[in-house]
Amino acid sequence: MAEFQEISKLSALHPKPAGLVLQYGTSGFRTNAKQLDHIMFRMGLLATVRSKKTKATIGVMVTASHNPEEDNGVKLVDPMGEMVTQDWEEHATQLANADQEDLLTALKNIIEKEAINMSQEANVFVGKDTRSSSASLSQAVLDGVSALGGHSKDYGLVTTPQLHYMVCCQNTQGKYGEATVEGYYTKFCQELLLSFSPPCHLKKELQISLNNDGSKGRLNHQCGADYVKVQQKPPTGIKINPGERCCSFDGDADRIVYYYTDSEGTFHLLDGDKMATLISTFLKELLTQAGLDLKIAVVQTAYANGSSTHYLENTMKVLVRCTKTGVKHLHHVAQEFDVGVYFEANGHGTVLFSKAAEEKIQQLAEDTNVNDERKKAALLLRNTINVINQTVGDAISDMLLIEAILAIKGMTIQQWDTIYTDLPNRQLKVKVADRRVIDTTDAERRAVTPAGLQEAIDNLVKKYRQARSFVRPSGTEDVVRVYAEADTQESADALAHEVSLAVYRLAGGVGDEPKPLH
Ligand SMILES: CC(=O)N[C@H]1[C@@H](OP(=O)(O)O)O[C@H](CO)[C@@H](O)[C@@H]1O
Ligand SMILES: [Mg+2]
């Protein structure tokens with residue numbers, strides 16, 4: 001076939017470095033940008049085939065999110081704006097790792113296995129982040145698409161959630177919104193203040209001062225949501241007045257954390273768990289006021305602070321579910337409920353409403369026979385549906401929803417912060433020769449291999465009060481992540497260090513032994 005000849009010719013321009021093996025990880029492929037050209041070309045091919053299979057537009061986002069500036073990466077977006085399905089992640093890994101001369105065979109295998117009709121038209125939307133490597137890498141994706149005769153639209157610089165939104169709009173014939181950057185801002189920003197105004201008389205203005213807009217400096221370097229969350233301190237070089245509400249996004253704006261410093265200069269972080277709590281409490285109250293019997297749940301990962309889970313389950317009486325790390329897992333579980341609020345502790349999350357829930361809320365909002373209280377609650381629920389990006393966690397739309405909730409409740413960031421107190425915690429990374437030696441179970445809360453590791457962790461945890469710790473191989477970096485929490489920061493730090501040592505000794509640590517934090 002003509003397109004296969006074209007692939008042979010073009011793929012030679014995007015050669016695979018010998019011996020390089022990469023896996024479609026927690027959120028696509030990620031590594032140093034210099035090693036990714038062939039991956040991008042191949043993901044252009046795969047997205048085109050996926051588009052033929054689904055008879056819909058597929059998205060390809062070029063970004064390495066919170067990773068250092070010199071890294072890059074790519075993730076695929078499925079027709080409804082969700083992450084690509086797991087079986088296609090496997091196809092992606094196979095295609096990415098095929099030797100140059102086996103590329104066509106690997107592609108044909110996928111085409112055969114998925115019974116793809118190659119005469120079907122294909123459409124691929126491509127977006128990229130501000131990394132300097134992103135321009136040529138997204139061009140490699142476009143080359144892959146055109147090698148298979150697919151149509152592409154290059155959105156250029158967009159956030160990851162914007163690309164998810166575009167794909168969803170395109171495949172729902174504009175019902176979700178208009179598939180343009182302007183359409184996105186109209187849906188999530190302009191209409192937010194307008195739509196919350198009638199029932200709540202919100203001020204139609206939100207003043208924001210923007211720092212690190214990408215025009216200078218290195219992306220994520222000593223700033224960004226991940227830095228603020230993991231280091232538990234504000235971005236370097238930003239002046240913050242006491243009590244001022246601040247937030248940080250990550251490199252592709254699908255994560256957000258809030259923070260402030262108090263009059264003593266102490267830093268306070270309001271992470272994904274605090275956002276999940278604020279949003280789910282708000283929605284639960286509205287559902288009660290509206291008299292709607294809809295099942296609401298919060299989905300978290302093992303990284304959720306123990307205090308948040310305790311507060312949600314015991315004080316708020318909200319159902320809490322724990323899943324593996326990675327938004328795709330949380331999204332999936334959230335879909336099981338009428339209202340599924342999901343957030344990773346690092347600030348990645350959104351709210352999903354089932355079709356049935358949306359219809360019931362809509363009906364009540366339009367019902368002329370209900371009392372004012374129920375009506376107002378139904379309107380607020382409907383407005384929340386309108387302003388939240390249900391395709392994926394979205395820093396911009398999450399921020400606007402949080403701002404609306406704080407304004408509606410007349411709440412300051414300090415008041416929000418005191419809903420519950422985080423248990424002191426610490427996250428560390430350990431370098432090992434092969435992180436795959438660690439296998440986990442129970443939503444990554446227990447290590448099955450290597451032998452003796454979980455027992456060692458259990459024994460260490462017993463030494464501290466209110467303590468919890470777990471380890472898992474990262475899906476985005478070549479490290480093992482260690483998490484610990486306990487009643488004091490000293491204990492959390494000591495526990496995290498001791499567990500790091502156990503990982504280093506039992507899971508093949510490389511380099512120097514982890515040093516104590518103090
Ligand atoms: C502890 C942590 O924050 N892990 C992050 C990180 O995954 P790892 O598999 O832990 O590297 O990147 C993912 C993609 O952005 C994000 O979904 C996840 O929450
Ligand atoms: Mg991100």
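Every ring pair (Phe, Tyr, Trp, His ring centres under 6.0 Å) that Tyr184 has, sequence neighbours left out, goes to Tyr165, Phe188. For His331, the ring pair (Phe, Tyr, Trp, His ring centres under 6.0 Å) partners are Tyr342, not counting sequence neighbours. With sequence neighbours excluded, the residues satisfying side chain to side chain contact (heavy atoms under 4.5 Å, CB included) with Leu210 are Asp213. Residues passing the side chain to side chain contact (heavy atoms under 4.5 Å, CB included) test with Ser469, sequence neighbours excluded: Ile457, Val461, Ala484, Leu495, Val499. With sequence neighbours excluded, the residues that form a side chain to side chain contact (heavy atoms under 4.5 Å, CB included) with Ser500 are Leu428, Val430, Val482, Pro514. Looking at residues two or more places apart in sequence or on another chain, you find no ring pair (Phe, Tyr, Trp, His ring centres under 6.0 Å) involving Phe343. Residues satisfying the side chain to side chain contact (heavy atoms under 4.5 Å, CB included) test with Glu121, not counting sequence neighbours, are His151. Tyr303 is linked by a ring pair (Phe, Tyr, Trp, His ring centres under 6.0 Å) to Phe470, Tyr483, counting only residues two or more places apart in sequence or in another chain.
In this structure, Arg255 does not pair ionically with Asp398, as no charged nitrogen and carboxylate oxygen lie closer than 4.0 Å. A salt bridge is absent between Arg426 and Glu485: the closest approach of a Lys/Arg side-chain nitrogen to an acidic carboxylate oxygen does not fall below 4.0 angstrom. A salt bridge links Arg445 with Asp442: the distance from a Lys NZ or Arg NE/NH1/NH2 to an Asp or Glu carboxylate oxygen falls below 4.0 Å. Here Glu444 pairs with Arg472 in a salt bridge; the nearest charged N to carboxylate O distance falls below 4.0 Å. Salt-bridge annotation for Lys295 and Asp338: absent, with no side-chain N of the basic residue lying under 4.0 Å from a carboxylate O of the acidic one.
With 3.5 Å as the limit, one finds a donor-acceptor pair spanning the side chains of Asn72 and Ser133. Judged by distance alone, the side chains of Thr186 and Glu178 never bring a donor and an acceptor atom under 3.5 Å apart. Inspection of the Gln139 and Asp143 side chains reveals an N or O donor paired with an N or O acceptor under 3.5 Å. A donor-acceptor pair shorter than 3.5 Å cannot be found between the side chains of Asp439 and Thr449.
With hydrogens and angles ignored, the 3.5 Å screen pairs no side-chain donor or acceptor of Ser397 with any backbone N or O of Ile388. At distances below 3.5 Å, not a single donor-acceptor pair connects side-chain atoms of Ser146 with backbone N or O atoms of Gly149. Judged by distance alone, the side chain of Asp250 and the main-chain N or O of Ser65 form no donor-acceptor pair under 3.5 Å. A side-chain donor-acceptor contact under 3.5 Å links Asn220 to the backbone of His66. Between the side chain of Lys52 and the backbone N or O of Gln120, at least one donor-acceptor pair lies under 3.5 Å. Between the side chain of Thr350 and the backbone N or O of Asn389 there is at least one donor-acceptor pair closer than 3.5 Å. Asp271 contributes a side-chain N or O that, together with a main-chain N or O of Lys274, makes up a donor-acceptor pair within less than 3.5 Å. For the pair Lys328 (side chain) and Val84 (backbone), a donor-acceptor distance under 3.5 Å is absent. For the pair Gln300 (side chain) and Cys322 (backbone), a donor-acceptor distance under 3.5 Å is absent. Side-chain atoms of Thr440 do not come within 3.5 Å of backbone N or O of Ala447 as any donor-acceptor pair.
Taking OG from Ser8 and CG from Leu103, the interatomic distance works out to 8.0 Å, rounded to the nearest 0.5 Å. Distance check: Thr105 OG1 to Gln94 CD gives 12.0 Å after rounding to the nearest 0.5 Å. Rounding to the nearest 0.5 angstrom, the gap separating the CD1 atom in Ile238 from the OG atom in Ser248 is 7.5 Å. Between the OG1 atom in Thr159 and the NZ atom in Lys128 there is a gap of 13.5 Å [rounded to 0.5 Å].
Among pairs with a residue in residues 59-83, those fulfilling salt bridge (charged side-chain N to carboxylate O under 4.0 Å, His left out) read Arg50-Asp78, Glu70-Arg218, Lys75-Asp252, Lys75-Asp254, at least two apart in sequence or across chains. Among pairs with a residue in residues 83-112, those fulfilling ring pair (Phe, Tyr, Trp, His ring centres under 6.0 Å) read Trp88-His91, at least two apart in sequence or across chains. Applying the salt bridge (charged side-chain N to carboxylate O under 4.0 Å, His left out) test to residues at least two apart or on different chains, none of the pairs has a partner in residues 155-173. Every pair passing ring pair (Phe, Tyr, Trp, His ring centres under 6.0 Å) that includes a residue from residues 110-129 is listed here, sequence neighbours excluded: Phe125-Tyr155.
Between Leu95 and Ile39 the shortest side-chain heavy-atom distance does not fall below 4.5 Å. At a threshold of 4.5 Å between non-hydrogen side-chain atoms, the residues Leu20 and His38 count as touching. At a threshold of 4.5 Å between non-hydrogen side-chain atoms, the residues Val228 and Pro235 count as touching. With contacts defined as side-chain heavy-atom distances shorter than 4.5 Å, the pair Met399/Phe249 qualifies. Looking only at side-chain heavy atoms (C-beta outward), Glu477 and Lys429 come within less than 4.5 Å of each other. Here the side chains of Glu344 and Leu330 are in contact, with some heavy-atom distance below 4.5 Å. Using a 4.5 Å cut-off on side-chain heavy atoms (C-beta onward), Thr476 and Arg481 make contact. Residues Phe41 and Asp37 are not in side-chain contact: their nearest non-hydrogen atoms beyond the backbone lie 4.5 Å or more apart.
Dense packing is recorded around NE2 of His14, with more than 12 heavy atoms of other residues, nucleotides or ligands lying under 6.0 Å away. Other residues, nucleotides and ligands contribute more than 12 heavy atoms inside 6.0 Å of the CD atom of Glu513. With a 6.0 Å radius and a threshold of 12 heavy atoms from other residues, nucleotides or ligands, Glu455 has its CD atom at or below the threshold.
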Decide salt bridge (charged side-chain N to carboxylate O under 4.0 Å, His left out) for Arg446 and Asp458; before the verdict, give the C-alpha distance in whole Å, the side-chain angles of both, and the deciding distance to 0.1 Å. CA-CA 10 Å; Arg446 297 190 66 77; Asp458 289 342; 3.0 Å; yes
Residues Gln232, Tyr259; criterion side chain to side chain donor-acceptor pair (under 3.5 Å); working and verdict: CA-CA 10 Å; Gln232 304 182 22; Tyr259 48 93; over 6 Å; no
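What you find for Phe337 and Arg321 is that their closest heavy atoms are CZ-NH1, 3.6 Å. Residue Ala502 comes nearest to Ala456 through the heavy atom pair CB-CB, 4.3 Å, listed as atom of the first residue, atom of the second, then distance.
Relative to the ring axis of Phe4, Lys108 places its NZ or CZ within 45° and under 6.0 Å from the centre.
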